[in-house]
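Report on one structure; see the data block that follows.
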4 protein chains.
Amino acid sequence: MTKTKAGPASAAETAAAPEGAAVKREVRTRDPERTRGNILAAATVEFSSRGFAGASIDAIAKRSGANRRMIYHYFGSKRGLWLAVLEAAYERVRTAELRLHLEQLAPEKAMRALVAFTFDSFIGERTFINLLNSENLHQARHLKGSTRIKTMHSPLIGMLQDILDKGVAAGVFRSGIDPAQLWISIAGVSFFYFSNIFTLSVILDRDLMSKKQIAERRAHVVDLILAGIRA
Amino acid sequence: MTKTKAGPASAAETAAAPEGAAVKREVRTRDPERTRGNILAAATVEFSSRGFAGASIDAIAKRSGANRRMIYHYFGSKRGLWLAVLEAAYERVRTAELRLHLEQLAPEKAMRALVAFTFDSFIGERTFINLLNSENLHQARHLKGSTRIKTMHSPLIGMLQDILDKGVAAGVFRSGIDPAQLWISIAGVSFFYFSNIFTLSVILDRDLMSKKQIAERRAHVVDLILAGIRA
Amino acid sequence: MTKTKAGPASAAETAAAPEGAAVKREVRTRDPERTRGNILAAATVEFSSRGFAGASIDAIAKRSGANRRMIYHYFGSKRGLWLAVLEAAYERVRTAELRLHLEQLAPEKAMRALVAFTFDSFIGERTFINLLNSENLHQARHLKGSTRIKTMHSPLIGMLQDILDKGVAAGVFRSGIDPAQLWISIAGVSFFYFSNIFTLSVILDRDLMSKKQIAERRAHVVDLILAGIRA
Amino acid sequence: MTKTKAGPASAAETAAAPEGAAVKREVRTRDPERTRGNILAAATVEFSSRGFAGASIDAIAKRSGANRRMIYHYFGSKRGLWLAVLEAAYERVRTAELRLHLEQLAPEKAMRALVAFTFDSFIGERTFINLLNSENLHQARHLKGSTRIKTMHSPLIGMLQDILDKGVAAGVFRSGIDPAQLWISIAGVSFFYFSNIFTLSVILDRDLMSKKQIAERRAHVVDLILAGIRA
DNA sequence: TATGAATGAGTCTTCATTCAT
DNA sequence: GATGAATGAAGACTCATTCAT
């Protein structure tokens, strides 16, 4: 993201910009890449914590340390900014998924790892959850128009297919399981827990945010899925 | 628009107001119950389709056919109205759950019925999903203050406990399954599909809203859960 | 315009509101008719002196002494306000025209009076001129939608027809003159002088605003038209 | 968008830029005359169709294909640009007037030609009309400061004087007519028709833009003026 | 109970203009 | 000569809420 523009002063500046915090720079040099990045980071926080309608351009500008006008310069509109935030979030998730290497593992171990990875990816990260919920509230209006996201296919489904095939061949998994359906289920049992963690905590009268509860949930999820596909 | 003060003919008119539709009455008699109900119905639509921040008091007033001031009269504030909407939604869900009678069924059949019921309860109903997502976006701020909802415990968990116990005794289910965790899983695999149906449809490039896809999902969900708890 | 609402205090209040000036009232009682009127008066000044785009809702609100929000309450939008201003202006002009009684006069005298009246109606009144020019800049977009203005036909054309007929019968006017064309000409020779008075003053290097120049113009206009239709 | 520094092919390209159209060039060479001209053409369109306040520097920049900054480079400010547009418009009109040669014609024929020429000069050209109206809205603020325009006296008034003198000498025109007043009248009966063509069409319920109506108007105007000055 | 009038702070967005390169 | 980045003020319009009747 950072464009090294090789000025003598720039090295120090690009060093540490606390992401998400309001940025105050003494030296206001020109750095479009940085300005754009700051806005995007600020918008991600605001949008994900308040929803699309609840977030305000003003607050985003303030948080990013940039001028309000710059948002329109770089992103055109509130919706344009939202889309950029969404795309960046998807990209981050997909990138993380790509770092997962399960080819060498035995089917059962691989599946355990994949489920656990999916579960863990939601811990301490409401950002993506909230963005997804908001986008679904708007019926994926923005996502539909994004060619960029459409081409970012999740590698997880391909991995699942491979693992399932190997497991079936090894006689440990039952056959006939649609990997896409299974992926939705794995994501679902994890996502729902974190997405609805606040209301569920009230309804069930438990603190689902606690480490203990999360660990229990993790174990349950892995067990349930593994048992669910066993031969 | 024309206002005629309570004539003798008005009694018949107050009878049936189609809930959820914008109400246009020639004769506007005084009918607190009705006014309140109209506002609540209108607010449910607006809140669930636009989220808390996205919904406007004005739009709700217009849709309900009531005066803007009446909203404050009956519900105090936007947040008060939101809470009332939320409570009513929970109540509707709980009431539906109570109509479910699984006691006489064999454990497996009962479990299948319960999973299917949960799944079906989300079909064609984004209202509750959206309300829940919005409430979680706000970290259950309103729910926490509602004594009414806190006492409305879902009967499903109790049912699950019974079914699991019977199944374990009959040797068809494995033991050691936490009914609350299982309930979250059942809800999760169903909820996530419908909650994220728009983004998932784009990402997976399938029309998940189609009857065929929903039927497939339903079968997968029931199978997965049943297999997941089998002895 | 003033709606006498027969409260004991209202009499004093409705007395003298200096039209067009910023209104500051100590007692801020409710008086919709008055608020609406104040806004309309303020908008007329702003719109006519700055054009549609140049006028600002804020300035109109300030000048009217009303809240900015009230403008939207009463007129819906800037364009709605503009239309109301335009309609009121047309109404004032038509009303003035109706006070003209030329039936008893001899044809030549009547025609002189009508031309002079038309000319005089533009003296010291840029309001209507500017509104018309702005509306034409926008291709009569608003006027087209106004049923109210469409029904306000100018009585002048009918009068012209009568005068022409009588003059032809008396042998003082030539026949075959279209009253509508003549009306456009009478209006044109007067309107253009006042509408373009500033640029013409510069180009011709004369102060066309001076009383002397205006008197000369008036004489020329009356003479030209009279000579132009003479038999 | 791609910027290629002055290649050998660029010479041919700078030849003919269709004035008034948005310019898209692959090769963007340095051509001050052209850039200035493009801006001026774009500004003429924007200003004349939206008025001074309604036009935006941004839109002009976009339409001209030039950089926003260039406008300030060449014209200093929005007002400076407006003045340049106004001056160019006047120049075009004056140049057209100079091409009119009436010296050889008999007084009546010459006068007819002059009136018809004036009338025709407004057909299909709202540009100048709108610019004049806007400038008058601002009380000729910019025109007053333009030494250039002040020296561009309309040759028409001189021509009128000559024709009137010849006509009086020949006994066909009455004496004592001020050529400046007559010029204003000739312009007025023509200008007003076209300037207010939209509102008049609505009010009179006729399509004054139609060829038939314009022809009728032209005949009326010529006849009226000729009759108006006849001896 | 019910209503429309009224408010001030807020919304997103665009304005003309200047700065650094 | 030419460009894109950056700015603060202003644009129209909507917000949730309260007041007077």
Side-chain angles (χ1 to χ4, degrees), chain A residues 5 7 28-36 53-61 66-74 76-79 81, chain B residues 3 5-6 28-36 53-61 66-74 76-79 81, chain C residues 5 7 28-36 53-61 66-81, chain D residues 3 5-6 28-36 53-61 66-74 76-79 81:
Chain A
K5 246 203 190 147
R28 178 81 42 112
T29 70
R30 304 211 150 193
D31 190 342
E33 213 60 44
R34 182 174 181 163
T35 302
R36 216 194 103 102
S56 100
I57 290 284
D58 230 38
I60 293 169
N67 188 284
R68 201 184 327 157
R69 187 64 185 75
M70 283 291 93
I71 294 174
Y72 290 90
H73 185 64
Y74 285 111
S77 67
K78 192 184 188 184
R79 288 183 54 173
L81 179 55
Chain B
K3 227 188 290 178
K5 289 284 167 63
R28 176 125 355 147
T29 79
R30 302 196 162 198
D31 186 343
E33 277 311 303
R34 183 175 181 162
T35 301
R36 216 194 103 101
S56 96
I57 291 283
D58 233 43
I60 293 169
N67 188 280
R68 210 178 330 154
R69 189 63 188 78
M70 283 294 92
I71 294 175
Y72 289 89
H73 182 67
Y74 285 113
S77 67
K78 192 183 186 184
R79 289 183 53 173
L81 179 55
Chain C
K5 244 201 189 148
R28 180 79 43 111
T29 70
R30 305 212 150 192
D31 191 343
E33 213 60 44
R34 182 175 180 163
T35 302
R36 217 194 102 102
S56 100
I57 291 284
D58 230 39
I60 293 169
N67 188 282
R68 201 184 328 157
R69 187 64 185 74
M70 283 291 94
I71 293 175
Y72 291 91
H73 184 63
Y74 285 111
F75 302 97
S77 66
K78 193 183 186 183
R79 287 183 55 172
L81 179 54
Chain D
K3 226 189 291 176
K5 289 285 167 63
R28 176 126 354 147
T29 80
R30 301 197 163 197
D31 187 344
E33 276 312 303
R34 184 174 180 161
T35 301
R36 216 194 103 99
S56 96
I57 291 283
D58 234 42
I60 293 169
N67 188 280
R68 209 178 331 155
R69 189 62 188 76
M70 283 294 92
I71 294 174
Y72 290 89
H73 182 67
Y74 285 113
S77 67
K78 192 184 186 184
R79 288 183 53 173
L81 179 55

(request) Select one nucleotide: of dA6(E), dA2(F), dT17(E), the one nearest the side-chain heavy atoms of Met70(C). (result) dA6(E)
(request) Calculate the interatomic distance between Glu33(D) atom CD and dG1(F) atom P; express it in whole Å. (result) 11 Å
(message) Run the side-chain contact (heavy atoms from CB on, under 4.5 Å) test against Ala61(A) and tell me which residues pass, sequence neighbours left out.
(response) Arg68(A), Ile71(A)
(message) To the nearest 0.5 Å, what is the distance between CE on Met70(C) and CZ on Phe75(C)?
(response) 11.0 Å
(request) Measure the spacing between NE2 of His73(B) and CG of Asn67(B) and express it to the nearest 0.5 Å. (result) 11.0 Å
Polar atom pairs between nucleotides 9-11 of chain F and protein, under 3.5 Å, N or O only, would you list them?
from: dA10(F); atom 1: N6; to: Arg68(A); atom 2: NH1; distance (Å): 2.8

(request) Would you kindly give the OH-to-P distance between Tyr74(B) and dT17(F), to the nearest whole Å? (result) 18 Å
(request) Report the distance from atom CD1 of Ile71(C) to atom C1' of dT14(F), rounded to the nearest whole Å. (result) 14 Å
(message) Check this one for me: any side-chain N or O of Thr35(B) less than 4.0 Å away from OP1 or OP2 of dA2(E)?
(response) yes
(message) Could you measure the distance from the OH atom of Tyr74(A) to the CD atom of Glu33(A)? Nearest 0.5 Å is fine.
(response) 8.0 Å
(request) Supply the atom-to-atom distance Leu81(A) CG to Tyr72(A) OH, rounded to the nearest 0.5 angstrom. (result) 9.0 Å
(message) Which nucleotide wins on minimum distance to the side chain of Tyr72(A), given the candidates dT13(E), dT17(F), dT17(E)?
(response) dT13(E)
(request) Using the closest heavy atom to pick a nucleotide of DNA chain F for each, name whichever of Arg36(A) or Arg79(B) lands nearer the 5' end. (result) Arg36(A)
(request) Could you tell me the separation between the NE2 atom of His73(A) and the P atom of dG8(F), rounded to a whole number of Å? (result) 15 Å
(request) Convert the base pairs of DNA chain F into dot-bracket notation, remembering that pairs crossing earlier ones are written with [ ] and that bases paired across to another strand are shown as |; include only Watson-Crick or G-U pairs under 3.5 Å. (result) .||||||||||||||||||||
(request) Could you tell me whether the side chain of Lys78(A) and the main chain of Ser56(A) form a donor-acceptor pair under 3.5 Å? (result) no
